S.K.: 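Got a structure for you, questions after.
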Amino acid sequence: MPAERPILLVEDNPDDEALMLRAFSKNGIRNPVVVARDGVEAIDYLFGTGSYEGRDLSLMPSVVLLDLKLPRIDGLEVLRRMRADEHTGLLPVVILTTSRERQDIHEAYRLGANSYIRKPVDFERFIHAVGQIVTYWLALNETADPSGNGLY
């Protein structure tokens, strides 16, 4: 799998963050992982603002794994802002959350989520699910370049 482009993990729960990082390791995922612990930090990373001022915006994440229930700005608002901008509008976004609320699922897809996955509670199922998610989005999926010049 390509190791150049990072994975953006937007997760406020330290336990879930540690599980995700362990799942990446167990699945042989070597891409760098950028962790944003709230919606503001995710927006700052994606748009090169705040503590990410001056970040090379030509190196966008290969996939964004986005929790919904985040402090400061929730995941749906992060998704809304991503889809409204030409540079982030086509990035693959996988909602990875504990929410089973129909309204959240509907709104996530309405705003342009590529996938909505409920986090498995069982650790082994979680490891397996993360492996499948990341393998698909990093190894199988063809990602469009927002400039219209082909693939990222």
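Fair warning: this is a prediction, and the values are worked out from it, not measured in the lab.
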S.K.: Find the distance between CG (D67) and CG (D74) and round it off to the nearest 0.5 Å.
M.R.: 10.0 Å
S.K.: Just jot down the side-chain contact (heavy atoms from CB on, under 4.5 Å) partners of I105, sequence neighbours excluded, or say none.
M.R.: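 R102, Y109, Y116.
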S.K.: List the atom of L66, the atom of G75, and the distance in Å for their closest heavy-atom pair.
M.R.: CD2-O, 3.3 Å
S.K.: If you count the non-hydrogen atoms of other residues, nucleotides and ligands that lie under 6.0 Å from NZ in K26, is the total more than 12?
M.R.: no
S.K.: Might you point out which heavy atoms bring G48 and L57 nearest each other, and give the distance in Å?
M.R.: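 Residues G48 and L57, closest heavy atoms: N-CD2, 3.7 Å.
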S.K.: Check P92 against S62 and note the closest heavy-atom contact, atom names and distance.
M.R.: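 Reported closest heavy-atom pair: CG-O, 3.5 Å.
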S.K.: To the closest 0.5 Å, what do you measure between CG (L76) and CG (L70)?
M.R.: 9.5 Å
S.K.: Between N114 and V93 (side chain of the first, backbone of the second, donor and acceptor by atom type, cut-off under 3.5 Å), is there such a pair?
M.R.: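 Yes.
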S.K.: Is it true that I29 and F123 fall in one hydrophobic cluster, defined by side-chain heavy atoms closer than 4.5 Å?
M.R.: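 In one cluster: yes.
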S.K.: Do P6 and V33 have side chains that approach each other closer than 4.5 Å (heavy atoms only, starting at C-beta)?
M.R.: no
S.K.: State, to 0.1 Å, how close P61 and L46 come at their nearest heavy-atom pair, and which atoms those are.
M.R.: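 Minimum heavy-atom separation between P61 and L46: CG-CD2, 4.0 Å.
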S.K.: Look up atom CG in D44 and atom OG1 in T49, then write down how far apart they are to the nearest 0.5 Å.
M.R.: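 Answer rounded to 0.5 Å: 3.5 Å.
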S.K.: Distance from N27 atom CG to L138 atom CG, nearest 0.5 Å?
M.R.: 11.0 Å
S.K.: Quick one: list whatever passes side-chain contact (heavy atoms from CB on, under 4.5 Å) with D38, sequence neighbours left out.
M.R.: V40, E41, P71, R72
S.K.: Can you check whether I133 reaches L96 side chain to side chain, under 4.5 Å on heavy atoms?
M.R.: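 Counting from C-beta outward, I133 and L96 do come under 4.5 Å.
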S.K.: Which heavy atom of I127 sits nearest a heavy atom of A23, and at what distance?
M.R.: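 Answer, listing the atom of I127 first, then A23: CD1-CA, 3.5 Å.
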S.K.: I need the single residue from T98, D104, T97 that forms a side chain to side chain donor-acceptor pair (under 3.5 Å) with K69. Which is it?
M.R.: D104
S.K.: Donor-acceptor check, side chain of R5 to backbone of M60, threshold 3.5 angstrom: yes or no?
M.R.: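 It does hold such a pair.
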S.K.: Can you give each donor-acceptor pair under 3.5 Å made by side-chain atoms of residues 13-21, sequence neighbours left out, with the distance rounded to 0.1 Å?
M.R.:
from : atom 1 : to   : atom 2 : distance (Å)
N13  : OD1    : D15  : N      : 2.7
N13  : OD1    : D16  : N      : 3.1
D16  : OD2    : K119 : NZ     : 2.9
E17  : OE1    : R37  : NE     : 3.1
E17  : OE1    : R37  : NH2    : 3.4
E17  : OE2    : R37  : NH2    : 2.9

S.K.: Check step by step if side-chain contact (heavy atoms from CB on, under 4.5 Å) holds for I73 and R81.
M.R.: CA-CA 11 Å; I73 296 177; R81 292 183 190 188; 3.5 Å; yes
S.K.: Could you walk me through whether I95 and I117 satisfy the side-chain contact (heavy atoms from CB on, under 4.5 Å) test, starting with their C-alpha distance in whole Å, then the side-chain angles of each, then the deciding distance to 0.1 Å, before giving a yes or no?
M.R.: CA-CA 6 Å; I95 303 298; I117 298 170; over 6 Å; no
S.K.: What's the verdict on side-chain contact (heavy atoms from CB on, under 4.5 Å) for M82 and L91, showing C-alpha distance, side-chain angles and the deciding distance?
M.R.: CA-CA 8 Å; M82 287 180 67; L91 289 176; 4.0 Å; yes
S.K.: For Q132, what residues pass the side-chain contact (heavy atoms from CB on, under 4.5 Å) criterion, not counting sequence neighbours?
M.R.: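 Once residues adjacent in sequence are excluded, the partners of Q132 under the side-chain contact (heavy atoms from CB on, under 4.5 Å) criterion are H128.
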S.K.: Return the OG to NE2 distance between S58 and H87, rounded to the nearest 0.5 Å.
M.R.: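 So the gap between those two atoms works out to 11.5 Å.
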S.K.: Is there a side-chain contact between V63 and V94 (heavy atoms, below 4.5 Å)?
M.R.: yes
S.K.: Does W137 form a side-chain contact (heavy atoms from CB on, under 4.5 Å) with S115? I'd like the steps, not just the answer.
M.R.: CA-CA 10 Å; W137 291 103; S115 186; 4.3 Å; yes
S.K.: Just to verify, what does R80 make a side-chain contact (heavy atoms from CB on, under 4.5 Å) with, not counting sequence neighbours?
M.R.: E77, E107, R110, L111
S.K.: Are the side chains of V34 and I7 in contact, using a 4.5 Å heavy-atom criterion?
M.R.: no
S.K.: If you compare all heavy atoms of V78 against all heavy atoms of A42, which two are closest, and at what distance to 0.1 Å?
M.R.: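 Minimum heavy-atom contact is CG1-CB, 4.3 Å.
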S.K.: Going by the ring pair (Phe, Tyr, Trp, His ring centres under 6.0 Å) test, which pairs reach into residues 8-50, not counting sequence neighbours?
M.R.: Y45-Y52
